[in-house]
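All remarks here apply to the structure that follows.
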Amino acid sequence: MTDSGQTSGHTGGVREFASHSAGAIVVVCGLFFLLAFMYLGGTADPQSHARHVPVAVVNEDEGATLQTPVGPRNLDVGTQITAGLLQGNDWGKLRLHVVDAQEADDGLKDGSFFGAVRIPPELSQQVVDLVEAAATEEGSPVNPRPGRRSPCSTRPGSRSCPARS
């Protein structure tokens, strides 16, 4: 009891507790619903929410020389890939940065970049080796124009050419 003769504390019992608790429960459930809705809204279609994601492009390719019937041809696949990435990029979603390997590693560690595309130093040489191996298997000279093969008339009796009657 207090000095004025009134008792302190709750006197209502179960009804008062239920009426006060119901409001708190509604507020807490509403808050959980709002947070769940916001979470699901962000994860339902992540591509539509991805904007200006920084990605490093590291071109370490050293290039190579392809021997063709018309003479040697310098081949730099890494530069071609890098140019294609930059040209075909959706700049609203990805921000491509052409950097060296050290800057890319530092950026990945400190969070400046969310990812990196690394073009290895031996890529052009591997492409040249594949082209030369395919040319030796077929027994045909290497045609310097990509996507075109030498005609069958230059390879009589080749396994890939149909027999002429």
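Here, residue 1 is the first one in the sequence, and each next residue gets the next number.
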Open item on the list: Once side-chain hydrogen bond (donor to acceptor under 3.5 Å, both in side chains) is applied, do any residues pair with N59, and if so which ones, sequence neighbours excluded?
Closed with: none
TODO: Using the test side-chain hydrogen bond (donor to acceptor under 3.5 Å, both in side chains), find all partners of D129 that sit at least two apart in sequence or belong to another chain.
DONE: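 Per chain and number, D129 pairs via side-chain hydrogen bond (donor to acceptor under 3.5 Å, both in side chains) with Q125.
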TODO: Measure the OG1-CD1 distance between T82 and I119 for me, rounded to the nearest 0.5 Å.
DONE: 3.5 Å
Task: CG on L75 to CG on L66, rounded to 0.5 Å - done: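 Interatomic distance, L66 CG to L75 CG, rounded to 0.5 Å: 6.5 Å.
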Under the side chain to side chain contact (heavy atoms under 4.5 Å, CB included) rule, collect the residues that match up with [X], sequence neighbours excluded.
| X | value |
| --- | --- |
| S112 | D110 |
| D105 | none |
| V53 | A50, V55, L94, F114 |

TODO: Can you run down the salt bridge (charged side-chain N to carboxylate O under 4.0 Å, His left out) pairs that involve residues 116-127, sequence neighbours left out, and say none if there aren't any?
DONE: E60-R118
- [ ] Please list all pairs passing the salt bridge (charged side-chain N to carboxylate O under 4.0 Å, His left out) test where one or both residues lie in residues 76-86, with sequence neighbours left out.
- [x]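 For residues 76-86: none.
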Open item on the list: Would you say that I81 contacts V117 through its side chain, given a criterion of any heavy-atom pair below 4.5 Å between the two side chains?
Closed with: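 They are not in side-chain contact.
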Task: ILVMFWY cluster membership beyond L108 - transitive side-chain contacts under 4.5 angstrom - done: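 When side chains under 4.5 Å apart are linked, the cluster holding L108 also contains V58, V99, F113.
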Task: Under 4.5 Å side-chain linkage, directly or through intermediates, the cluster mates of F32 - done: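 Reading the cluster by chain and number, F32 sits alongside V28.
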- [ ] Look at the side chain of D61 and the backbone N and O of S124, then say whether any donor-acceptor pair between them is shorter than 3.5 Å.
- [x]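 Judged by distance alone, yes, a pair lies under 3.5 Å.
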TODO: Would you mind listing every side-chain hydrogen bond (donor to acceptor under 3.5 Å, both in side chains) that reaches into residues 87-96, with sequence neighbours excluded?
DONE: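 Only H52-R95 qualify under side-chain hydrogen bond (donor to acceptor under 3.5 Å, both in side chains).
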- [ ] Quick one: closest heavy-atom pair of T65 and V128, and the distance?
- [x] O-CG1, 3.8 Å
